[in-house]
Amino acid sequence: MMQRFIIEMGMGNDLHGRDYTKAAARAIEDAIRHSSLPLFGALGIDHADMQVRVTVGVQAPEQVDTDVLVKSLPRGKVTVQAVFGGLNVTNPDTGEDTVVASAAVEAFLPPELVRERAT
């Protein structure tokens with residue numbers, strides 16, 4: 001069983017293209033932009049041991065290219081799931097939608113690995 005040791009949330013948007021993948025990518029980037037994981041260097045843990053689970057919420061999850069998003073994450077064994085969430089905001093003057101996405105990025109490690117390296 002894996003234990004979550006970090007969760008970061010982010011928000012991203014696509015102002016004009018109604019591109020759900022772009023909005024989701026920006027939400028993920030927002031979530032990880034300010035993160036640093038010194039735990040790996042301090043304990044000598046390989047990033048490859050980490051599982052990264054990403055959930056992105058948008059109004060049209062079927063339009064998100066999760067393969068593109070997986071490639072955008074720099075470390076770990078990554079999975080991305082798109083779910084219904086976020087919102088579309090319609091400009092009443094032009095009818096154009098702004099797509100807003102939310103993202104949760106979670107990182108997991110085997111607890112025995114962390115205990116072993118911490119002692």
Side-chain angles (χ1 to χ4, degrees):
M1 181 163 126
M2 301 292 273
Q3 182 176 6
R4 183 174 69 181
F5 68 95
I6 190 169
I7 182 169
E8 296 283 346
M9 280 68 73
M11 190 274 302
N13 61 64
D14 182 33
L15 294 173
H16 302 289
R18 198 174 181 151
D19 185 327
Y20 291 94
T21 301
K22 182 187 286 186
R26 289 176 174 170
I28 293 167
E29 182 182 309
D30 182 50
I32 66 173
R33 180 176 302 152
H34 305 290
S35 294
S36 177
L37 302 174
L39 159 85
F40 290 96
L43 298 180
I45 296 173
D46 188 332
H47 287 97
D49 293 324
M50 175 177 61
Q51 286 185 4
V52 178
R53 300 178 197 163
V54 179
T55 305
V56 292
V58 296
Q59 289 289 294
E62 70 281 356
Q63 293 186 36
V64 175
D65 187 340
T66 56
D67 292 335
V68 167
L69 300 176
V70 165
K71 293 175 187 172
S72 73
L73 285 131
R75 304 201 191 305
K77 298 173 191 126
V78 179
T79 59
V80 176
Q81 176 185 21
V83 300
F84 183 78
L87 67 130
N88 290 349
V89 180
T90 304
N91 181 331
D93 298 323
T94 65
E96 182 178 47
D97 284 335
T98 295
V99 172
V100 182
S102 57
V105 179
E106 301 172 278
F108 295 80
L109 283 170
E112 62 276 2
L113 177 63
V114 176
R115 280 193 298 274
E116 170 189 307
R117 299 296 171 97
T119 56

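Here CD1 of I32 is found 14.5 Å from CE of M9. Values are rounded to the nearest 0.5 Å. The CD atom of Q3 sits 10.0 Å away from the CZ atom of F5 when rounded to the nearest 0.5 Å. Within the model, atoms CG of L15 and OG1 of T98 stand 5.0 Å from one another, a figure rounded to the nearest 0.5 Å.
Hydrophobic clustering of Ile, Leu, Val, Met, Phe, Trp and Tyr side chains at less than 4.5 Å, counting indirect connections, unites V54 with L109. Linking ILVMFWY side-chain heavy atoms closer than 4.5 Å, directly or via other members, places L37 and F108 in two distinct hydrophobic clusters. M2 and L39 are assigned to two separate hydrophobic clusters, defined by single-linkage of ILVMFWY side chains at heavy-atom distances under 4.5 Å. Cluster annotation: I7 is not connected to V78 through the hydrophobic network of ILVMFWY side chains, with a link wherever side-chain heavy atoms come within less than 4.5 Å. Following chains of ILVMFWY side-chain contacts shorter than 4.5 Å, one can reach F40 starting from L43, so the two form part of one hydrophobic cluster.
Under the side-chain contact (heavy atoms from CB on, under 4.5 Å) criterion, D65 pairs with T21, D67, V68, not counting sequence neighbours.
Evaluation of the side chain to side chain donor-acceptor pair (under 3.5 Å) test over residues 30-55, restricted to residues two or more places apart or in two chains, returns E8-S35, E29-R33, H47-R75, Q51-R53.
Q59 places a side-chain N or O within 3.5 Å of a backbone atom of G86 that can act as its donor or acceptor partner. Looking at T90, its side chain never comes within 3.5 Å of a backbone N or O of P92 through a donor-acceptor pair. With hydrogens and angles ignored, the 3.5 Å screen pairs a side-chain donor or acceptor of D14 with a backbone N or O of R18. Judged by distance alone, with hydrogens and angles left aside, the side-chain atoms of K77 form a donor-acceptor pair with the main-chain N or O of A48 at under 3.5 Å.
The heavy-atom pair separating A101 from A27 by the smallest distance is O-CB, 3.7 Å. What you find for M50 and A107 is that their closest heavy atoms are SD-CB, 3.7 Å. Residues G10 and A31 share a closest heavy-atom pair of N-CB, 3.7 Å.
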Legend entry - side-chain contact (heavy atoms from CB on, under 4.5 Å) evaluation trace for L69 with I28: CA-CA 8 Å; L69 300 176; I28 293 167; 4.1 Å; yes
Inset, instruction - List the steps, then state whether side-chain contact (heavy atoms from CB on, under 4.5 Å) holds for V83 with V56. - result: CA-CA 6 Å; V83 300; V56 292; over 6 Å; no
Inset, instruction - Please test V52 against V105 for side-chain contact (heavy atoms from CB on, under 4.5 Å), starting from the C-alpha separation and ending with a verdict. - result: CA-CA 7 Å; V52 178; V105 179; 3.9 Å; yes
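In this structure the side chain of Y20 never reaches within 4.5 angstrom of the side chain of E62, judged on heavy atoms.
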